[in-house]
There are 2 protein chains.
Amino acid sequence: MNVINHHSIRKAIRQRIESGEWQPGTIIPAEADLAAEYGCSRTTVNRAMQNLADDGLIERKRRAGTRVKEIPTRQTTFKIPIVRHEIEATGANYRPHILLKETKRAPDHITAKLHLDQGEKLFHLVTAHLSDRRVYAVEDRWVNLAAAPEIISAPLDEISANEWLIRKVPYSNGDVVFSASAASKREAEAFEIDIGAALFTVDRTTWLDDIFITTMTLRYRPGYQLNARL
Amino acid sequence: MNVINHHSIRKAIRQRIESGEWQPGTIIPAEADLAAEYGCSRTTVNRAMQNLADDGLIERKRRAGTRVKEIPTRQTTFKIPIVRHEIEATGANYRPHILLKETKRAPDHITAKLHLDQGEKLFHLVTAHLSDRRVYAVEDRWVNLAAAPEIISAPLDEISANEWLIRKVPYSNGDVVFSASAASKREAEAFEIDIGAALFTVDRTTWLDDIFITTMTLRYRPGYQLNARL
DNA sequence: CAGTGGTCTAGACCACGTG
DNA sequence: ACGTGGTCTAGACCACTGG
């Protein structure tokens with residue numbers, strides 16, 4: 001440990017927790033003390049500790065001090081990959097293939113979820129994401145035309161709606177839901193599998209402040225896995 | 001914007017990106033300039049920018065400056081919940097129910113994945129996580145006895161193996177894989193569903209440095225969803 | 001009340017990598 | 001070469017909250 005920076009201190013503290021020196025539930029020394037021990041400024045220790053708190057390894061409270069979490073529920077952080085990138089990473093060719101494109105009133109379960117007027121028309125798009133000639137994933141998307149009117153004339157057989165939207169219509173927040181679902185007739189045909197087969201599914205909805213932009217369901221072909229690190 | 005702190009600056013910059021003022025791919029002003037503009041020190045701007053980089057909204061390089069990402073692949077961060085917490089959050093009662101407990105040579109696909117000797121014996125545990133009387137998830141776990149010998153005598157019908165391990169045997173790193181899989185006969189019986197039904201599945205393996213600790217597969221009952229925010 | 005973490009500042013030096 | 005971000009320091013003040 002020649003170099004002293006917040007990385008090395010973070011690592012050192014982490015190891016003292018992992019080694020069992022500081023048991024779950026116990027209070028660890030105050031920043032000032034650690035700064036003295038490691039011979040650096042409190043600022044640096046603070047930085048390391050904040051990162052560890054972000055990791056979910058410790059809990060910090062003013063006045064009460066820093067405590068090793070009873071159950072270190074580490075945050076899992078990962079990127080939800082762009083389908084095109086996933087496919088191209090395998091060396092295959094990516095192409096979006098439009099199965100359905102229409103403008104119509106959204107079904108009730110969509111309007112209800114998004115607090116839209118029932119009469120409102122949305123842009124509806126069903127796309128097969130192709131890896132070479134095989135279907136890699138099927139996407140069913142609804143777009144708020146008030147937020148992104150130009151999408152009607154976008155070349156969605158060249159650039160996926162997802163990427164087009166990311167570029168043209170920024171979003172500020174959203175939610176993602178992962179689940180497993182059974183293949184519908186349409187998906188079974190696309191993937192050439194049996195109806196009911198288990199498909200990894202991602203539902204994503206994004207907003208710009210309180211304006212709904214888009215919601216979509218993405219179902220991956222059987223065997224797909226999403227990886228993350230702890 | 002009365003208060004100036006790294007949070008408010010982060011928010012301000014974020015909004016300038018989301019509003020389209022700073023388009024994807026463009027360089028945004030240097031820290032020093034922004035510090036002057038916002039009337040705060042460069043340190044504060046730096047903090048805000050580093051957070052935005054962690055969010056995946058911008059990319060930073062020395063000398064080259066800070067650029068709005070072409071495709072803002074935001075990192076999705078969330079906690080993988082502890083099964084007991086999920087169940088108790090619904091108001092139900094949690095109980096782990098042991099279906100199988102044995103010490104035996106691991107199957108080849110496990111030893112291969114973990115670079116273990118083929119002869120090595122591992123602790124094997126299959127648990128049903130009960131929400132009141134219903135099965136909420138089924139867990140199939142292998143534990144390295146060299147790393148956690150005491151688990152053999154742990155009261156695993158009171159505390160789940162997961163929580164026991166977290167307390168007794170810290171880990172330093174691991175990986176998680178999410179997928180969808182078809183219910184096996186055992187799972188179909190446990191969940192009282194048909195064989196082949198789609199189950200949300202989490203595979204997790206943890207290590208302490210390079211010592212393998214445990215690997216497990218957790219299959220949730222049909223309809224389970226894992227939520228995250230963007 | 002007092003001790004803890006949260007944050008800011010001003011200045012400094014360094015690492016990096018582009019041009 | 002030099003401009004950019006990465007980081008450290010010392011000191012300061014504040015916000016929170018436990019005792």
Side-chain angles (χ1 to χ4, degrees), chain A residues 1-14 16-17 22-70 72-75 77, chain B residues 1-14 16-17 22-70 72-75 77:
Chain A
M1 176 126 46
N2 310 331
V3 204
I4 323 175
N5 57 19
H6 68 93
H7 295 295
S8 64
I9 291 183
R10 172 182 180 171
K11 198 168 167 183
I13 294 174
R14 188 172 203 126
R16 290 172 83 163
I17 292 172
W22 291 331
Q23 292 287 327
T26 60
I27 301 272
I28 74 182
E31 291 184 355
D33 298 335
L34 288 172
E37 179 181 341
Y38 287 115
C40 66
S41 76
R42 182 167 82 88
T43 315
T44 303
V45 174
N46 179 274
R47 186 113 175 245
M49 301 280 266
Q50 290 201 12
N51 287 334
L52 287 170
D54 285 343
D55 292 346
L57 218 62
I58 60 179
E59 262 173 341
R60 325 192 72 205
K61 270 191 212 149
R62 284 163 158 133
R63 164 79 207 197
T66 299
R67 185 181 296 275
V68 180
K69 270 206 188 171
E70 286 288 354
T73 43
R74 311 212 183 161
Q75 306 236 39
T77 296
Chain B
M1 175 132 43
N2 310 330
V3 203
I4 322 175
N5 57 20
H6 67 94
H7 294 296
S8 63
I9 291 182
R10 172 181 180 173
K11 197 168 167 183
I13 294 174
R14 187 173 203 127
R16 290 171 83 163
I17 293 172
W22 290 331
Q23 292 286 325
T26 61
I27 301 270
I28 75 182
E31 293 184 354
D33 298 336
L34 288 171
E37 179 181 341
Y38 287 114
C40 66
S41 75
R42 182 166 82 89
T43 315
T44 303
V45 174
N46 178 274
R47 185 112 175 247
M49 301 280 267
Q50 290 202 10
N51 287 334
L52 286 170
D54 285 344
D55 291 346
L57 217 62
I58 58 179
E59 263 173 341
R60 325 193 70 205
K61 270 189 211 151
R62 284 161 155 132
R63 164 80 204 195
T66 299
R67 184 182 297 274
V68 181
K69 270 207 187 170
E70 286 288 353
T73 44
R74 312 214 182 159
Q75 306 238 40
T77 298

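This is a predicted model, so every value here is computed, not measured. Just so you know, these numbers use all the heavy atoms, side chains as well, and skip hydrogens, waters and symmetry mates. The sequence lines fix the lettering, A, B, ..., with proteins before strands; numbering per chain opens at 1.
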Looking only at non-hydrogen atoms, find the nearest pair between [X] and [Y] and report the distance.
X     : Y     : answer
B:I27 : B:A64 : CD1-O, 3.5 Å
B:A48 : B:R10 : CB-N, 3.6 Å
A:K69 : A:P24 : O-CB, 3.5 Å
B:W22 : B:I13 : CZ3-CG2, 3.8 Å

Does a side-chain heavy-atom distance below 4.5 Å link [X] with [Y]?
X     : Y     : answer
B:I58 : B:I17 : yes
B:L52 : B:R14 : yes
A:L34 : A:I9  : no

Original post:
Taking DNA chain C as the partner, which of residues 57-64 of chain A come within under 4.0 angstrom of it by heavy atom?
Top reply: A:R60, A:K61, A:R62, A:R63
Subject >> Contact residues, residues 42-54 of chain A to DNA chain C [heavy atom, < 4.0 Å] >> reply: A:R42, A:N46, A:Q50
Subject >> Polar contact flag, side-chain donor to acceptor under 3.5 angstrom, A:Q50-A:N46 >> reply: yes
Original post:
Between B:S8 and B:N5, does any side-chain donor sit less than 3.5 Å from a side-chain acceptor?
Top reply: yes
**OP:** Whole angstrom is fine here: how far is it from NE2 in A:H7 over to C1' in C:dC14?
**Re:** 14 Å
Original post:
Partners of A:E59 by salt bridge (charged side-chain N to carboxylate O under 4.0 Å, His left out), sequence neighbours excluded?
Top reply: none
Subject >> B:R16: partners by salt bridge (charged side-chain N to carboxylate O under 4.0 Å, His left out), with sequence neighbours left out >> reply: B:E21, B:E37
**OP:** With A:T66 as reference, evaluate A:K61, A:R60, A:E31 under the side-chain hydrogen bond (donor to acceptor under 3.5 Å, both in side chains) test and give the passing residue.
**Re:** A:R60
Original post:
Going 5' to 3' on DNA chain D, which nucleotide is the first and which the last to come under 4.0 Å of a heavy atom in chain B?
Top reply: D:dC2 to D:dT7
**OP:** Rounded to 10°, tell me the angle between the two end axes of the helix from C:dC1-D:dG18 to C:dT18-D:dA1, each built from five pairs.
**Re:** 10°
